[in-house]
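The figures here come from the full heavy-atom set of this structure, side chains too, leaving out hydrogens, waters and symmetry mates. So that the names make sense, note that chain A is the first sequence line, chain B the second, and so on, each numbered from 1.
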Amino acid sequence: MLDKTFEPAEVEATHDRRWEAAGYFKPDPDPTRPPYCIVMPPPNVTGSLHMGHAVDDTLQDTLIRFKRMQGHAVLWQPGMDHAGIATQAVVERQIAPTTRQELGREAFVARIWEWKAQSGGMISQQLHRLGASADWSRDRFTLDEGVSQAVRKVFVQLYREGLIYKDKRLVNWDCQLQTALSDLEVDQTEVDGHLWYLRYPLEDQPGRHIVVATTRPETMLGDSAIAVHPEDERYRALIGRHAVLPLVGRRLPIVADLYSDPEKGSGAVKITPAHDFNDFEVGRRHQLELINILELDGRLNEQVPAAYRGLDRSAARQRVLADLEAAGLIEKIEPIRHVVPFSQRSETPIEPFLSDQWYADAKTLAAEAIRAVEDGRTRFVPRQWENVYFEWMRNIQPWCISRQLWWGHQIPAWYAPDGKVFVALDEAEAQAEATRHYGHAVPLERDPDVLDTWFSSGLWPFSTLGWPEETPELARFYPTSVLVTGFDIIFFWVARMMMLGLKFMGEVPFRDVCIHGLVRDERGQKMSKSKGNVVDPLDLIERYGADALRLTILASTVQGSDIRFGESRVEGYRNFATKLWNAARFCELNGCELVAGFAPGECREVVNRWVLSKLAQAAAETEAALEAYRFNDAAMALYRFAWNEFCDWYLELAKPALAGEDGAARAETQATAAFVLAQLLHLLHPLTPFVTEELWQRRYDAPGGPLIAASWPKLERTLIAPAAEAELDWLIRLVSALRGARNELGVPPGAKLVLQVQDAAAATQDRLTRHQEALGRLARIERIELASGAQAKGALQVVVDEATYLMPLADVIDLDQERQRLERALAKAAAELERFDKKLANPQFLDRAPVEVIEEQRARRAEVLQAHDKLSAALARIAS
RNA sequence: GCGGGCGUAGCUCAGCGGUAGAGCACGGCGUUUACACCGCCGGUGUCGGAGGUUCGAAACCUUCCGCCCGCACCA
């Protein structure tokens, strides 16, 4: 027999192991099954499970289990990402104070692999705890040979087509990690700073100067011009003349350029083409000298006067300011709040830095990726994210794909001694090309840099399926069905997969992109370690069970908004699992077993027809919601059905039949209860796999195998039974009304009352007879009498539809209180009646509203009027 | 500056043209052969403000107010 409560910890691991061992996580090989595929956004290989993963993977697993039950051949492709910068940074910290340069590349990379071996893959184990039914046998890692081969092939082909090229441009340089970053890895952060107004003496005009303003005074050492607006009267006369750069002595031409904004600063702006993105463009327009003053680590190089060489950029700033001050060249200093770019990784300020890097021609690649969303080959859910995607894609910049790291895919480019580059799949091929080019062999040196991690992630939907091999999986599962991810990843990943998928597969990587929000804490704050408000999903799983966590996530996942996560909700859904468990326990205790050949459409008992009708509706709702990625609607539909309909009413109402003498009714009810519970377990399985599987196997001995492999319920629409619903709805209303009245009047809960019924229609009298037992038990009614005359002075009176129900209480009842209760009800009815009357008296309403609406309002008015009159009568009786 | 989102019960949020809802919290009561991780009962809302469209607006439009998030922007 089932225990009183469900203990998730005892069964979760077992089911997970059995499911996987039995091969249910692998796609069904049957070629007639339609394919369904999701590639899991690869988490960082050395990371651990956080709420973001829990959300993302719960949604995916729910879809995967749903589609699997629907009969698709399902592949959920898992994998992990090498997370270049993050992982390398972790290991660099581990070996400190030794630097990676001291260790050497080979030894350092070996250290990272060690770290990966040690901490890598932990997240896969943690995903198992969540119930993630991915095909773990196909687990991939971005640095696996197969995936790496795909990366090389893509690089080579794009290079040969001119879509990858090397260029000397300004990049976002992280001085601490000493690598270039893409625009996306830079955070623009508002900080308090200063605006220094500097005087640059004018050449040949002793005592005169031009004032420029800057927030980064140290960069003046790299200035090569001053720009003014061509129409700025203040400076017009100076155009074409020169100033002298203080501390350095360089001549700076004063040029006219529209970039200069007369409103900003002094209106004249210093131009440092090698250290500012805008200045770079100005420099290009005026053929200005590019003076790089920084070393890779942010210290000043030999391009600056000796006094500043070797100083760190912040020390250099102080020194420059002090020297300018001493020379009387600082006009004024204004405090300013401005935006400074910071590296997401090292959290240090980014320096625009001139260097040779590899770029992908994102603009060209983006064209097709934009079109694919425009014409609906790929669809975002919710739709509004398409605008974000378009906005970014249409303004896309060249994508800097090289990183000065050692952990990642080394760029397949080799240099000859004269600097000529040979891009090839491997060294032998490069060598052959070089030999062909020079007519003899030359020593080649490989480019030391690696590729941006997102470059390999961008290939994920096809590289994991075996590309460039033409594998059966690739043929079967590409394009994948849906990508599920957070909106913060649209640019990083979705965009890149779209570009590269279309380019190399000629087809979009996924049909749908399901975008969900970020997890926040109860107060709406982003979860972060520094705020100390992180919730650990594993901790929640341990305390409440994976099902409870999953249901909480699903019920909170509303399209288009963030998820505020409160622990009390997890507790609530843990309670739901227990409730379900106990419903199953009740069924067990009452001999509700599945009956082979049970035909739900042939049930005769109204209660059974009612619950089947509700079940069919809940199933339809759930299915529609899951198909549309409305996870919260699916969760709520099932929660409501299971708790408020199945448990609260059906099981209560089924009790007499289950314990009764009528063998046929009992058998039908037992079979129905078992059937409904079994169907409910099926419907819930994608959401809460563990408790449903456990109950399925414990209770039904798993006919036909485990629930994970069962078929999704197909319930006939003919099960929807309006007459049964009307009857039971009436019963529920009556019981609730009787309970409410008793409670309000403080009738002792145990007191059994007589129910006198007045004005009941024949149909109602029938119903009363049919549900006599239920009324007795649920509303504590001793017996029902059909009464005609008004005889109830000390009686409670309740109006439901056309009938009035009186419960004589003799002297127990407080007449005054009862009068007040009835008056409140009457007032409410009167107010409602007035609203309807007003509406129905409005000629315009009658003229313009649809007939159905008018009819509906009339019908409702009639109902309210009836209630109103009955309540008046009840009051009159009590007063007499 | 450009774009997007959100303001509904004490809290977290559904609802998005035709009777204002759920969960949690709160209060009262616990009788009913599954469940106290439970049952029953209960209250509260100028649906952010103001206009407009409509027979009818929480919902659609305009505008304002208040929060939030992207993107752009180191003079």
Side-chain angles (χ1 to χ4, degrees), chain A residues 2 4-6 188 191 193 195-198 212-216 219 227 259-261 264-271 276-279 336 338-341 349-350 352 384-385 387-388 391-392 395 487-488 490-491 517-518 522-524 544 548 555-556 558 560-562 564-566 568-569 571-590 632-633 636 639-640 644 647-648 651-652 655 659 735-736 739-744 746 748-752 776-778 780 832 835-836 839 842-850 852-854 856-857 860 864:
Chain A
L2 297 177
K4 276 196 171 185
T5 53
F6 170 55
Q188 308 289 342
V191 296
L195 189 56
W196 285 276
Y197 287 76
L198 310 180
V212 295
T214 181
T215 55
R216 293 189 301 158
T219 64
Y259 164 67
S260 182
D261 180 352
K264 276 185 180 170
S266 64
V269 56
K270 63 195 248 349
I271 301 297
D276 182 285
F277 288 97
N278 289 311
D279 292 6
I336 184 180
H338 65 142
V339 176
V340 175
I350 287 291
Q384 79 235 25
W385 291 109
N387 292 330
V388 176
E391 174 69 16
W392 191 73
N395 297 303
F487 62 77
D488 51 331
I490 292 177
F491 308 141
L518 264 37
E522 263 173 314
R523 290 197 309 280
Y544 299 107
S556 318
V558 175
S561 51
D562 285 342
R564 289 202 192 193
F565 196 88
S568 67
R569 297 195 69 179
E571 195 180 336
Y573 289 109
R574 185 270 320 266
N575 295 353
F576 174 78
T578 309
K579 186 75 182 175
L580 182 71
W581 183 264
N582 276 289
R585 185 165 184 264
F586 174 82
C587 289
E588 179 181 36
L589 293 168
N590 285 279
N632 63 320
D633 287 344
M636 292 321 292
Y639 183 98
R640 206 164 295 160
N644 303 120
C647 291
D648 285 352
L651 292 183
E652 287 306 326
K655 278 175 182 173
V735 169
S736 301
R739 281 169 171 172
R742 292 176 58 121
N743 223 298
E744 269 184 78
K752 287 215 159 198
R777 196 159 35 87
L778 301 180
R780 299 259 91 192
E832 232 175 315
R835 269 218 314 275
F836 284 121
K839 203 167 189 177
N842 184 347
Q844 280 164 319
F845 173 69
L846 298 173
D847 201 34
R848 305 199 192 180
E852 318 85 81
V853 173
I854 298 174
E856 196 193 326
Q857 301 291 312
R860 286 225 297 267
V864 172

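For A/F491, taking side-chain heavy atoms from C-beta onward, the closest of the listed nucleotides B/A34, B/C71, B/C74 is B/C71. Closest to the side chain of A/K655, out of B/A34, B/C71, B/C37, is B/A34. Distances were taken from every side-chain heavy atom of A/F487 (C-beta onward) to each of B/C37, B/C40, B/C69; the shortest belongs to B/C69. Listed candidates were B/C40, B/U32, B/C73. Nearest to the side chain of A/R780 is B/U32. Considering only the side chain of A/N278, B/C73 comes nearest among B/C73, B/G4, B/C29. Of the candidates B/C74, B/C40, B/U31, B/C40 carries the atom nearest the A/D648 side chain, counting heavy atoms from C-beta on. Picking from B/C37, B/C40, B/A34 the nucleotide with the shortest atom distance to the side chain of A/N575 gives B/C37.
Residue order along RNA chain B, read from the 5' end via each residue's closest nucleotide, puts A/A584 first among A/A584 and A/W392. For A/I350 and A/F6, each mapped to the nucleotide of RNA chain B holding its nearest heavy atom, the one lying further toward the 5' end belongs to A/F6.
Using a cutoff of 4.0 Å between basic side-chain nitrogens and carboxylate oxygens, A/R777 and A/E652 are scored as salt-bridged.
A/N842 comes within contact range of the sugar-phosphate backbone alone, with a heavy-atom separation under 4.0 Å but no base atom that close. Contacts of A/C647 with the nucleic acid, taken as non-hydrogen atoms under 4.0 Å apart, include base atoms. Heavy atoms of A/S260 sit under 4.0 angstrom from at least one base atom. Nucleic acid contact for A/Y259: base, since at least one base atom lies under 4.0 Å from a heavy atom of the residue. Residue A/P843 is classed as having no contact, given no heavy-atom separation below 4.0 Å to the nucleic acid.
Residues meeting the ring-ring contact (aromatic ring centres under 6.0 Å, His included) test with A/Y197, sequence neighbours left out: none. In this structure, A/R742 has no side chain to side chain donor-acceptor pair (under 3.5 Å) partners at least two apart in sequence or on a different chain. For A/D633, the side chain to side chain donor-acceptor pair (under 3.5 Å) partners two or more places apart in sequence, or in a different chain, are A/R630.
The side chain of A/N743 contributes no N or O atom lying less than 4.0 Å from OP1 or OP2 of B/G42.
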Scan nucleotides 16-23 of chain B nucleotide by nucleotide, 5' to 3', and note B when protein non-hydrogen atoms come under 4.0 Å of the base, S if they reach only the sugar-phosphate, - if neither. --BB--S-
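If you check distances only, the side chain of A/K4 never reaches the base of B/C35 with a donor-acceptor pair under 3.5 Å. For B/C74, its base never sits under 3.5 Å from the side chain of A/T215 at any donor and acceptor pair. A donor-acceptor contact under 3.5 Å links the side chain of A/R574 to the base of B/C37.
When all heavy atoms of A/R216 and A/P352 are compared, the pair lying nearest together is NH1-CD, 3.7 Å. In plain terms, the two heavy atoms of A/S556 and A/R569 that are nearest each other are OG-NH1, 3.3 Å. Of all the heavy atoms in A/A268 and A/S260, the pair that sits closest is CA-OG, 4.5 Å.
Distance CH2 (A/W581) to C1' (B/A34): 12 Å, rounded to an integer number of Å. Summarising the geometry, the separation between CG on A/L651 and P on B/U33 is reported as 14 Å, rounded to the nearest angstrom. One interatomic measurement links the two molecules: CD of A/Q384 to C1' of B/C6, which rounds to 11 Å at whole-angstrom precision. The interatomic distance linking A/D279 (CG) with B/C73 (C1') rounds to 14 Å, in whole Å. To the nearest angstrom, C1' of B/C73 lies 11 Å from CG of A/D276. Protein atom CH2 of A/W385 is 11 Å distant from nucleotide atom C1' of B/G3, rounded to whole Å. Between A/Q188 atom CD and B/C2 atom P the separation is 18 Å, expressed in whole Å. As a whole-Å value, the separation of A/E744 CD from B/G43 C1' is 11 Å.
B/C38 and B/C24 have their P atoms separated by 8 Å, given to the nearest Å. One P atom belongs to B/U54, the other to B/C13, and the distance between them is 36 Å to the nearest Å. Rounded to the nearest Å, the gap between the P atom of B/G17 and that of B/U12 is 26 Å. Straight-line distance between the C1' atoms of B/G21 and B/G15: roughly 7 Å, to the nearest whole Å. Rounded to a whole angstrom, the distance from the P atom of B/A14 to that of B/G23 is 16 Å. With C1' as the reference atom, B/G43 and B/G3 are 43 Å apart, rounded to whole Å. For the P atoms, the distance from B/C2 to B/C64 is 13 Å, rounded to whole Å. Atom C1' of B/G45 sits at a distance of 16 Å from the matching atom of B/C26, rounded to the whole Å.
The CD1 atom of A/I350 lies 9.0 Å from the CD atom of A/Q188; values are rounded to the nearest 0.5 Å. Atom CG in A/N387 sits 10.5 Å away from atom CH2 in A/W385 (nearest 0.5 Å).
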Intermediate values then yes/no, side chain to side chain contact (heavy atoms under 4.5 Å, CB included), A/F836 and A/V864: CA-CA 9 Å; A/F836 284 121; A/V864 172; 3.8 Å; yes
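Secondary-structure annotation of RNA chain B gives the stems B:1-7 with B:65-71, B:10-13 with B:21-24, B:26-30 with B:38-42, B:48-52 with B:60-64, with a stem taken as at least 3 successive Watson-Crick or G-U pairs whose two distances both fall under 3.5 Å.
Looking at A/D276, A/V212, A/D279 one by one, the single match for side chain to side chain contact (heavy atoms under 4.5 Å, CB included) with A/K270 turns out to be A/V212.
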Show which side-chain atoms of residues 575-586 of chain A pair as donor or acceptor with protein atoms under 3.5 Å away, not counting sequence neighbours.
from	atom 1	to	atom 2	distance (Å)
A/T578	OG1	A/R574	O	3.2
A/W581	NE1	A/D3	O	2.8
A/N582	ND2	A/K4	O	3.0
A/N582	ND2	A/T578	O	3.0
A/R585	NE	A/L2	O	3.0

